[in-house]
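Heads up: the structure comes next, in structure tokens.
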Amino acid sequence: MYKLIISDLDGTLVNSNKEISDYTKKVIDLLKEKGIHFVIATGRSLSGAKHIHDILNLNTEIICNNGSTIYNKDGELIFQRIIDSKVATEIFETSLIQDCIFFATYGTQVYIGEGTLDLANAFLHNPIQNHIEVNKENINSFIFEKVVLMSKDNDKLKKLTAYFNTFEEINSFISQEDYLDVVHFETSKGKALKIIADSKNIELKHTIAFGDAFNDYEMLKFAGKGLVMRNGFEDLKKEFETLDFSNDENGVAKYLAEVFNLSI
């Protein structure tokens, strides 16, 4: 019997408008009544994830920044890893050379490359607010939990992913078509899943994970059952079972309703 469900947000649990459907909320409510733990694991920072956590009225941990930070049900930090400052500088300088948008987070603070606000907003669902601009002179003044390089050139991002993964201090992966994410080497959604499962004395074989992109890979691999959305990356579908439904069709909720024999 599965005891813990973990799900990515964007491209997975929320629809293309970044919304949670009433059907999904009902399914998760019924799972909670059965004593099933439901955890969200996202590349978003806490400010972007807590909203969904509250809509779902969850009483579980929140995995943010692709596992770089874990918060308890009240939004209090219980786990954190930051990117080495020298490596962060290297990533920033590479973004300038490769003409990518530099975007980073620490807690609720957002950082972007100097003079790129309008360009960055073109990639994001919500406009950036209260940001700090980063340049060659001040970057060493800041610390980051996650860095994102954004570009419409997916081939470029794939090459940069391979390059950054030669660094021992970081993990990098494509989280969305235009996003290359970089986090501390000790972190991933999969490692965060293990931390939470261990804290609840739940074996990984009793967990289900849902995702759509490469930042979900370890989470899908570690879980007892890893499932990719129909709208997920094709290379990910080659390795994991694929759902018959997309995130716009309540794919996660429909699968769970069937597995747990829920009456909706």
When you look at NZ of K194, are more than 12 heavy atoms from neighbouring residues, nucleotides or ligands closer to it than 6.0 Å? no
What do you reckon, is NZ of K136 surrounded by more than 12 foreign heavy atoms closer than 6.0 Å? no
Heavy-atom closest contact ([X] atom, [Y] atom, distance):
X    : Y    : answer
R44  : K18  : NH2-CD, 4.0 Å
L220 : G211 : CD2-N, 3.8 Å
L256 : F38  : CD1-CE1, 4.0 Å
I62  : A49  : CG2-CB, 3.9 Å
L119 : F123 : O-CD1, 3.2 Å
L243 : M229 : CD1-SD, 3.6 Å

Lys/Arg-Asp/Glu bridge criterion (N-O < 4.0 Å) met for [X], [Y]:
X    : Y    : answer
K26  : D29  : no
K191 : E218 : yes
K25  : D22  : no

In residues 96-113, what donor-acceptor pairs under 3.5 Å come from side-chain atoms, sequence neighbours left out?
| unit_1 | atom_1 | unit_2 | atom_2 | d |
| --- | --- | --- | --- | --- |
| T105 | OG1 | N65 | OD1 | 3.2 |
| Y106 | OH | Q80 | NE2 | 3.3 |
| Q109 | NE2 | N130 | O | 2.9 |

Measuring only between side-chain heavy atoms, which start at C-beta, is [X] closer than 4.5 Å to [Y]?
X    : Y    : result
E145 : R81  : no
I40  : I63  : no
V182 : V87  : no
V39  : I196 : yes
L13  : I20  : yes
L193 : L4   : yes

Do [X] and [Y] sit in the same hydrophobic cluster, where Ile, Leu, Val, Met, Phe, Trp and Tyr count as joined when their side-chain heavy atoms come under 4.5 Å apart?
X    : Y    : value
Y179 : I91  : no
M150 : V134 : no
L56  : Y2   : yes
V148 : Y163 : no
M1   : L30  : yes

So, applying side-chain contact (heavy atoms from CB on, under 4.5 Å) with L180, which one of S95, S151, S172 is it? S172
Taking [X] for its side chain and [Y] for its backbone only, find out whether a donor-acceptor pair lies under 3.5 Å.
X    : Y    : result
T207 : G224 : yes
D216 : A213 : yes
H37  : E61  : no
N154 : D178 : no
K146 : G43  : yes
S21  : T24  : yes
N135 : E137 : yes
N171 : V183 : no
D153 : K156 : yes
S68  : C64  : no

Dump the intermediate steps for side chain to side chain contact (heavy atoms under 4.5 Å, CB included) on I52 and V14, then the final yes or no. CA-CA 9 Å; I52 301 298; V14 301; 4.1 Å; yes
To the nearest 0.5 Å, tell me how far [X] [atom1] sits from [Y] [atom2].
X    : Y    : atom1 : atom2 : answer
E90  : I83  : CD    : CD1   : 13.0 Å
D235 : I174 : CG    : CD1   : 11.0 Å
E33  : I28  : CD    : CD1   : 12.5 Å
I55  : K50  : CD1   : NZ    : 11.0 Å
S175 : D8   : OG    : CG    : 9.0 Å
I70  : K189 : CD1   : NZ    : 12.5 Å

For the pair I264 and Y23, evaluate side chain to side chain contact (heavy atoms under 4.5 Å, CB included) and give the outcome as yes or no after the intermediate values. CA-CA 8 Å; I264 306 296; Y23 179 81; 3.5 Å; yes
Cation-aromatic face contact K159/F164, 6.0 Å, 45 degrees: no
Aromatic plane relationship, F142 with F144 - under 30° parallel, 30 to 60° tilted, over 60° perpendicular: tilted
Applied to residues 206-238, the ring pair (Phe, Tyr, Trp, His ring centres under 6.0 Å) test, sequence neighbours excluded, yields F210-Y255, F214-F233, Y217-F240
Go through it in stages, so that I can follow the logic: the residues are T42 and D10, the test is side chain to side chain contact (heavy atoms under 4.5 Å, CB included), and I'd like the CA-CA distance, side-chain angles, deciding distance and then a yes or no. CA-CA 8 Å; T42 178; D10 300 296; 4.3 Å; yes
side-chain hydrogen bond (donor to acceptor under 3.5 Å, both in side chains) between N247 and T12, worked out: CA-CA 5 Å; N247 63 314; T12 303; over 6 Å; no
For E239 and K221, run salt bridge (Lys or Arg N to Asp or Glu O under 4.0 Å): C-alpha distance rounded to whole Å, both residues' side-chain angles, the deciding distance at 0.1 Å, then the answer. CA-CA 9 Å; E239 191 158 348; K221 195 77 172 177; 3.1 Å; yes
Run the side chain to side chain contact (heavy atoms under 4.5 Å, CB included) test on D248 and N231 for me, step by step, so that the C-alpha distance in whole Å, both residues' side-chain angles and the decisive distance to 0.1 Å come before the verdict. CA-CA 9 Å; D248 285 325; N231 54 285; over 6 Å; no
Go through the steps for N66 and D181 under the test side-chain hydrogen bond (donor to acceptor under 3.5 Å, both in side chains), then give the verdict. CA-CA 8 Å; N66 293 318; D181 288 22; 2.7 Å; yes
Checking salt bridge (Lys or Arg N to Asp or Glu O under 4.0 Å) for the pair R230/E249: CA distance, chi angles, key distance, verdict? CA-CA 10 Å; R230 192 179 73 180; E249 299 168 307; 3.0 Å; yes
